[in-house]
2 protein chains.
Amino acid sequence: MCSRTNPRNSRTGRPRSTEADTAILEATRAALVELGWSKLTMGDVAGRAGVAKTTLYRRWANKNELVVDAVAVLFDELELPDLGSLQADIEHVVLQFAALLERPETKTALMAVVAESTRDEPLRERIRASIVDRQKRLVLAGRERAQQRGELPAHRDPVATDATDDLIFDVIAGAVVHRALVSAEPVDAPWVARLSALLVGGLGAAAAVGG
Amino acid sequence: MCSRTNPRNSRTGRPRSTEADTAILEATRAALVELGWSKLTMGDVAGRAGVAKTTLYRRWANKNELVVDAVAVLFDELELPDLGSLQADIEHVVLQFAALLERPETKTALMAVVAESTRDEPLRERIRASIVDRQKRLVLAGRERAQQRGELPAHRDPVATDATDDLIFDVIAGAVVHRALVSAEPVDAPWVARLSALLVGGLGAAAAVGG
DNA sequence: GGAGATACGCTACGACCTGTAGCGAAAGGC
DNA sequence: GCCTTTCGCTACAGGTCGTAGCGTATCTCC
């Protein structure tokens, strides 16, 4: 796994305790809920997990990487059921994402680790691999499904298709995060309906002129 | 100003040094560029500014509020010149915003203070007043200008108009931030053209069906 | 020109967090 | 059983936070 500092794949010696792994990640989420990002300390997490502080440092180099791993699993919940139309699919996944951002552990941690990643390339890569890519797959799946339904034209230029996928991803994820954390307003059904209508309309207009 | 802890509006006693104010804010930006958010310390800033550490604490309660004030002035640069069309206006302001986010001091600080604000209501209010509202005005101005040109229908329902303004703001600001800081890809002219085309198309489609 | 009030620089301090080192004991593979 | 690695524990140096206390400087009001 990418979650832990590589123990050299050694087949010899005492193996790492998986109970400790899960206890630490669980304790990290609990500490995030209770203390928030800035007041969370490694010593506190160790205490909650019933583990020595040195055990944490054997697995994660610092607080940033620990928190990324602790939060990443929550993004496994995101799914994209087929609801029959592009707009319905978008609304559903946005509401899911919003519910995730409402949780105090993600709310306080997500922006913080992204902020740290602006000066920490390995951390950025870790975030991309364990969180961002997991979301991006939903955009790809939604677009392909819409094409199969005929809601969007079949792609001709794969480069343009990739660019549009990237754009839609940044727009959706960015808008939801900004609404929830910066504007601090609810990501509720009416707002989501407006957002998805804007996107579907914009994509339709672009397709009409041959984008 | 909202930038400093209120000295009780006292007309008596030695007044606070405005040179110290500007020196501190300037030192804070320099420290952000050089050290980034997480390694920036109050003592370091004080040293750079040629000021005692206690002088910082007389003005700002903590690092968060100091950094917000230090970065806020950069957002004064944002302007909305009339370029003749809604799409051109959007593209111009987005590129301005992107250039601001490219600066290392905003890049490292903006997400960090927003993350802190999820657990600090006064800080959120400070961010809203000194940064967010300053950006939001541009959306209002751009929408009104587009209505005067006839690119968008004159508003009938003011509630719906406000909701659309909020939506567009979160979409634009969120998408740019997400592209720049999470996806870590360049906010360049081609991308901005795609974004603004999506928005203009979406707004047009919404207007066509009577939103 | 005092008197009062406030800001300033400086030093010192306790409390806390970080990340590492060293120890003996535990738990696996060969 | 031997080797290797992890475990919990303790201790530690280094750094930061935020405050207190001091004497000095600067401004307003009388």
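Excluded from the calculations below are hydrogen atoms, water molecules and symmetry mates; all remaining heavy atoms, backbone and side chain alike, are included.
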Is it the case that the side chain of B:Asn64 and the backbone of B:Val67 share a donor-acceptor pair, with hydrogens and angles ignored and the cut-off at 3.5 Å? no
Gap between atoms CD and P, on A:Glu65 and C:dG19 respectively (whole Å): 11 Å
On the six-membered ring of B:Trp37, is B:Lys63 placed so that its NZ or CZ lies under 6.0 angstrom from the centre and within 45° of the ring axis? yes
We want to know whether A:Gln87 and A:Ser85 form a side-chain donor-acceptor pair, criterion being a heavy-atom distance below 3.5 angstrom. no
Specify the separation, in whole Å, of atom CG of B:Leu66 and atom P of D:dC17. 11 Å
Measuring from the side chain of A:Tyr57 (C-beta onward, heavy atoms only), which nucleotide among D:dG18, C:dG19, D:dT6 has the closest atom? C:dG19
Taking N and O atoms by type only, does the side chain of A:Arg14 place a donor or acceptor under 3.5 Å from a partner on the base of D:dT6? yes
Parallel, tilted or perpendicular: which describes the rings of B:His178 and A:Phe169, with under 30° parallel and over 60° perpendicular? perpendicular
Just by distance, do the side chain of A:Ser117 and the backbone of A:Asp120 share a donor-acceptor pair under 3.5 Å? no
Separation of A:Asn64 atom CG from C:dT18 atom C1', in whole Å? 13 Å
With distance as the sole criterion, do the side chain of B:Arg16 and the base of C:dA7 form a donor-acceptor contact below 3.5 Å? no
Whether the side chain of B:Arg58 and the base of C:dA7 hold a donor-acceptor pair under 3.5 Å is what I'd like checked. no
DNA chain C nearest-nucleotide lookup for B:Gly13 and B:Ala20: closer to the 5′ end is B:Gly13
Roughly how many Å is it from CG in A:Asn62 to P in C:dT18, rounded to a whole number? 10 Å
Quick one: does B:Thr18's side chain have a donor or acceptor within less than 3.5 Å of a partner on B:Asp21's backbone? no
Tell me which residues in residues 35-56 of chain B put a heavy atom below 4.0 Å from DNA chain D, sorted by number, or none. B:Thr41, B:Met42, B:Gly43, B:Lys53, B:Thr54
Side chain to side chain donor-acceptor pair (under 3.5 Å), that's the test. Do A:Ser17 and A:Glu19 meet it? Break it down for me. CA-CA 5 Å; A:Ser17 163; A:Glu19 288 87 355; 3.3 Å; yes
Using only side-chain N and O atoms of B:Arg59, determine if any of them is under 4.0 Å from OP1 or OP2 of C:dC8. yes
To the nearest Å, how far apart are B:Lys63 NZ and D:dG15 C1'? 13 Å
